Amino acid sequence: MDRRRRILWAGFAALTLVTAAACTPDEASAPEPSPSASSSPPASSAPTPSGPPSSAPTASAPAAPSPTTPALPPVTDPVSLPALMAKKYTGGSIRLGRVLARNEAYTRYFVTYPSGRLTISGILNVPRTPGKHPALVLNHGFIDPAVYTNGRGLMREQDYLARRGYVVLHTDYRNHAQSSKDANSELNLRLGYTEDVINAVLALKAASYVDPARVGLFGRSMGGGITYNVLVAQPGLVKAAVVYAPVSSNAADNFNRWTRPDGAVATAILRAHGEPASNPAFWRNVSAVNFFDRVTEPLLIQHGDADSTCPPVWSARTLAALKAAGKTATLYTYPGEEHAFAAAWPTSMSRTVAFLKQQGL
């Protein structure tokens with residue numbers, strides 16, 4: 001099997017990999033308000049969970065985190081969440097590059113940080129107020145790496161959150177912008193992105209301007225799925241997490257919706273790993289939903305009920321699985337909202353900040 005997989009990977013590396021596996025249309029097409037302090041309501045105006053009639057919480061599952069993390073499952077495949085659970089992460093430091101912008105609220109930098117043997121690029125917004133700050137790693141949705149540029153995606157969120165006092169690290173992931181290349185990324189179902197985010201958190205915690213006890217995650221679309229993966233792979237790494245318009249927590253759902261139609265990519269993956277029906281063990285081990293018993297952080301999920309890219313039922317199923325595992329999770333749905341939030345975006349961000357502050361972030 002090892003020899004066959006090496007052969008497949010070598011052949012697969014020559015393919016042009018542009019599978020739209022989590023966010024179509026291009027996330028960068030999302031409407032962006034002007035980057036001013038008045039472009040969104042202040043965090044103090046965030047509605048209570050009962051909310052206005054334009055949106056309503058679907059359900060909430062409050063529960064104290066389990067005092068012990070479940071034992072690590074056996075690692076039977078290096079391409080798996082159990083492998084990421086068992087992996088030793090050395091962390092590293094954020095290297096500040098050129099200043100991209102300054103305003104009255106924060107300074108924006110080009111940055112790099114290590115992720116194992118790779119170097120990952122990104123942008124960093126650092127509030128201009130003194131002292132240690134809470135921090136967030138932002139996990140963007142799918143944008144074709146061929147057109148992706150440094151810091152692209154979640155632009156309005158980067159600005160909004162930095163203006164509210166958060167250090168914001170937006171990662172580019174491997175194969176994006178100035179990040180190192182990983183020829184096997186697609187064949188490995190992009191699990192390397194999860195490793196890049198784990199290392200981003202560790203790098204943030206080492207920064208002198210960050211309070212290491214107050215670091216969280218924010219993920220959109222594919223980045224929501226990456227967020228789920230981080231929560232199960234490294235419980236206790238962050239204090240809380242927020243996802244909106246997320247992909248499914250079941251990898252087979254995402255494969256069937258986006259990757260299967262791409263013949264070359266799907267064929268290589270299925271040759272290496274098998275169909276979900278014929279190799280259920282592999283697909284189980286790359287699906288966060290099967291490891292929700294490991295989650296220790298509260299989670300906020302936000303989803304538009306008109307989302308034609310990531311079906312809202314996926315978030316409902318994720319919430320149900322989290323509740324069944326006794327975890328703290330809340331889902332807000334937004335009537336009429338598509339994949340890229342528009343009218344309800346300010347409300348969703350107010351709720352995001354209110355939730356984070358409730359968790360001590």
Side-chain angles (χ1 to χ4, degrees), residues 16-30 32 84 89 91-101 106-126 135-162 166-186 188-207 210 215-227 229-230 238 241 243 246-247:
T16 300
L17 301 176
V18 294
T19 312
C23 184
T24 306
D26 188 337
E27 180 182 287
S29 66
E32 297 176 12
L84 289 180
Y89 300 92
S93 300
I94 295 174
R95 182 175 181 178
L96 297 180
R98 65 190 180 277
V99 173
L100 301 175
Y106 60 86
T107 303
R108 181 178 177 87
Y109 299 90
F110 170 83
V111 297
T112 58
Y113 67 91
S115 183
R117 292 178 293 179
L118 305 183
T119 297
I120 306 301
S121 62
I123 70 94
L124 185 75
N125 291 345
V126 180
L136 297 168
V137 175
L138 270 55
N139 306 324
H140 65 82
F142 179 83
I143 301 173
D144 184 352
V147 301
Y148 181 92
T149 54
N150 172 239
R152 186 170 177 176
L154 296 173
M155 293 293 291
R156 51 186 178 168
E157 291 81 6
Q158 293 172 31
D159 177 78
Y160 184 101
L161 293 165
Y166 294 95
V167 172
V168 173
L169 174 57
H170 181 280
T171 67
D172 290 333
Y173 311 137
R174 59 193 62 194
N175 294 337
H176 290 70
Q178 288 75 44
S179 296
S180 299
K181 305 308 177 188
D182 176 2
N184 295 322
S185 181
E186 298 291 324
N188 295 344
L189 278 71
R190 302 179 183 162
L191 286 180
Y193 295 177
T194 299
E195 183 176 352
D196 297 340
V197 171
I198 291 170
N199 283 309
V201 173
L202 294 174
L204 263 185
K205 288 185 173 184
V210 169
V215 179
L217 296 175
F218 182 102
R220 161 176 156 76
S221 194
M222 179 185 72
I226 294 168
T227 300
N229 288 349
V230 174
V238 297
V243 298
V247 298

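Keep in mind the model is a prediction, meaning the values are calculated, not measured.
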I need the Ile120 CD1 to Ile94 CD1 distance, nearest 0.5 Å.
12.5 Å
Can you check whether Thr119's main-chain N or O pairs, donor with acceptor, with Ser180's side chain at less than 3.5 Å?
yes
Nearest atoms (heavy-atom pairs only) where Pro246 meets Gly224
CB-CA, 4.1 Å
Value rounded to 0.5 Å, distance of CG in Leu202 from OG in Ser93
11.0 Å
With a 3.5 Å distance limit and no angle check, can you tell me whether Asn150 reaches the backbone of Ala177 through a side-chain donor-acceptor pair?
no
Between Ser121 and Phe110, is any pair of side-chain heavy atoms under 4.5 Å apart?
yes
Mark yes or no for whether His170, through its side chain, and His140, through its backbone, hold a donor-acceptor pair below 3.5 Å.
no
Is there a side chain to side chain contact (heavy atoms under 4.5 Å, CB included) between Val126 and Leu96 once you walk through the steps?
CA-CA 11 Å; Val126 180; Leu96 297 180; 5.6 Å; no
Using every non-hydrogen atom in the two residues, find where Gly92 and Ala206 come nearest and quote the distance to one decimal.
O-CB, 3.9 Å
Just do the side chain to side chain contact (heavy atoms under 4.5 Å, CB included) check on Val230 and Val201 with the steps written out, would you?
CA-CA 10 Å; Val230 174; Val201 173; 5.6 Å; no
Quick one: CG on Asp159 to CZ on Arg108, what's the gap to the nearest 0.5 Å?
8.5 Å
Applying side chain to side chain contact (heavy atoms under 4.5 Å, CB included), run through Asn199 and Thr171 and close with a yes or a no.
CA-CA 10 Å; Asn199 283 309; Thr171 67; over 6 Å; no
Sole residue of Val168, Val243, Leu154, Thr227 in side chain to side chain contact (heavy atoms under 4.5 Å, CB included) with Phe218
Leu154
Roughly how far apart are Met222 CE and Arg190 CZ, rounded to 0.5 Å?
5.5 Å
How would you list, by chain and number, every residue that makes a ring pair (Phe, Tyr, Trp, His ring centres under 6.0 Å) with Tyr193, sequence neighbours excluded?
Tyr173, His176
Worked verdict on Thr112 versus Gln178 for side chain to side chain contact (heavy atoms under 4.5 Å, CB included):
CA-CA 9 Å; Thr112 58; Gln178 288 75 44; 5.8 Å; no
Measure across Leu191 and Asn229 and return the closest heavy-atom pair with its distance rounded to 0.1 Å.
CD2-ND2, 3.9 Å
Distance, nearest 0.5 Å, that separates CG of Asn184 from CD of Glu186
10.5 Å
What heavy-atom pair brings Leu84 and Glu195 nearest, and what distance separates the two atoms?
CD2-CB, 4.4 Å
To check you understand the geometry: which heavy-atom pair defines the closest contact between Leu217 and Leu136, and what is its length?
N-CD2, 4.2 Å
For a side chain to side chain contact (heavy atoms under 4.5 Å, CB included) with Tyr109, tell me which candidate from Asn125, Leu169, Val99 qualifies.
Val99
If we ignore angles and hydrogens, is there a donor and acceptor under 3.5 Å between the side chains of Tyr148 and Asp172?
yes
Gln158 (side chain) donor-acceptor with Arg152 (main chain) under 3.5 angstrom
no
Between the side chains of Tyr113 and Asp196, is a donor N or O closer than 3.5 angstrom to an acceptor N or O?
no
